[in-house]
Amino acid sequence: MKRRADQQPGFVLHSYPYRETSLIVEAFTRRFGRIALLARGARRPRSAMRGVLLSFQPLRLGWSGGELANLVSAEWAAALQPLAGLALMCGFYLNELILRLVPREDPHEGLFDVYAESLARLSVGAPHAAVLRSFERRLLAELGYAPLLERDAASRPIDPARLYVYEPDRGPAPANGAASGELAVSGRTLLDMAKDDYTRPETRDEARALMRALIGERLHGQSLYTRAVLLELNGL
Amino acid sequence: MDKSGVPTARGLDRLLEALRVLPGVGPRSAQRMAYHLLQHDRAGAEQLAGALAAALAGVRRCARCNNFTEDEICPLCRSPRRDASLLCVVETPADLATVEQTQSFSGMYFVLMGRLSPLDGVGPRDVGLDRLLERATDGVVQEVILATNFTNEGEATAHYIAEMLRARNVKASRIARGVPLGGELEFVDIGTISQAMIDRRTL
Ligand SMILES: [Zn+2]
């Protein structure tokens, strides 16, 4: 990693207490990707960084040093209405996806921009499903696993009236007769997803199941904390 | 043997390992503490060992507020002078002590002993939300005041508690946030001023 950087657009994805008064900050920066930074003294009561190093807030970060660089500056870069309620849970979910799937020090400028835009949309109350699905799709594409949505596995155009079974490694294959399960998806839904159009309830349901399965493939069977916590909350 | 090849006692090794369970204590601080206790303050060490054993045996969670106590129900929850219709939810015993210091609140408490932290896998049952719901719907509590921290995790915790209480027809309120008392805008952090602007009120 570059030893010194100033005024880098970035977000805090998560942070952990470190020693008595410090924090390890998992940051997502535009130019350098996901990096870990040591914020010395950031947990002291009077630390100026305390009110700044918050997730979902556009920041400008400066750091210096090698493997675990020292965070030297963190500034508020733009005012975003803070996420609240379910939008806040969606924000945690996006952060967990990045933490689990994007390798450290691998720049993804396009994904960074989509992430920033997704937070901005969540903060003004955009429908969650549309924001999450288009982010997931972009994330998979950045990792080299862009879902095939406009053509089937044999490169034929998707027929909106047909039912498909999505084979994770190959793409959608026309279903013979009845198909069910999270990988069964209508042609119409695939085409809606290609346009990021989630106005149809059926599209939302099928797309959620499909993306969950495709992201599950990339997680190699590990489950997501944010999903488990949300399930448990809904059960209370 | 330690890294430098100096032979060490097994009891000392165990003590070093034991001290490292404390938050923020790494190998070097553990070594400093252990040497201090064994070399300079053996009486203090005795006292520490005794206090720790006694606390482990005697201290438990209050059945009503979840705070540490030696009784089934703690003195604060038993006090007839407290207003049982108000319930203030805080993250930690330290937060409870801080609210108590203000002397501006005369109701009851519930201590979560944490906060929802989805990214760390800390869910509602880990912070006793099921027990809080039971406590808040006893028919006596009229209003639940959410005094969790103003972090994203604290906000998520407050939001979900409020939702669950609303579904059960219990009033929930959130403590206000803003510029500190006596604070001059010039010296207040940007995040706080930005929030204060969003949370502004009509005069
Ligand atoms: Zn009590």
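Numbered from 1 within each chain, the chains take letters A, B, ... in sequence-line order.
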So which part of [X] gets closer than 4.5 Å to some heavy atom of chain B, the side chain, the backbone, both or neither?
| X | result |
| --- | --- |
| A:M49 | neither |
| A:L230 | side chain |
| A:L99 | side chain |
| A:Y93 | neither |
| A:L88 | side chain |

Comparing B:D126, B:L116, B:D120 against chain A, the one with the most heavy-atom pairs below 4.5 Å turns out to be B:D120
In terms of heavy-atom pairs under 4.5 Å with chain A, the winner among B:G121, B:G123, B:S29, B:A158 is B:G121
Residue [X] versus chain A: region with a heavy atom under 4.5 Å:
| X | value |
| --- | --- |
| B:P124 | both |
| B:V25 | neither |
| B:S194 | side chain |

Should we say atom [atom1] of [X] is surrounded by more than 12 heavy atoms from elsewhere, each under 6.0 Å from it?
| X | atom1 | result |
| --- | --- | --- |
| A:Q7 | CD | yes |
| A:R40 | CZ | no |
| B:R78 | CZ | yes |
| A:E75 | CD | yes |
| A:R212 | CZ | no |
| A:E217 | CD | yes |
| B:R14 | CZ | no |

Of all heavy-atom pairs linking A:P82 and B:Q195, the shortest is CG-NE2, 2.6 Å
Considering non-hydrogen atoms only, spot the tightest contact between A:L86 and B:H159 and give its length.
->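 Where A:L86 meets B:H159 most closely, the heavy atoms are N-NE2, 4.0 Å.
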Validation row: [X], [Y] side chains within 4.5 angstrom (heavy atoms):
| X | Y | result |
| --- | --- | --- |
| B:L119 | A:S55 | no |
| A:L233 | B:M164 | yes |
| B:P118 | A:E96 | no |

For residues 140-157 of chain B against chain A, heavy atoms under 4.5 Å, the residues are B:N152, B:E153, B:E155, B:A156
From the list A:M89, A:R19, A:Q57, the residue making the most non-hydrogen contacts under 4.5 Å with chain B is A:M89
Rounded to the nearest 0.5 angstrom, the OG-OH distance for B:S117 and A:Y225 is 10.5 Å
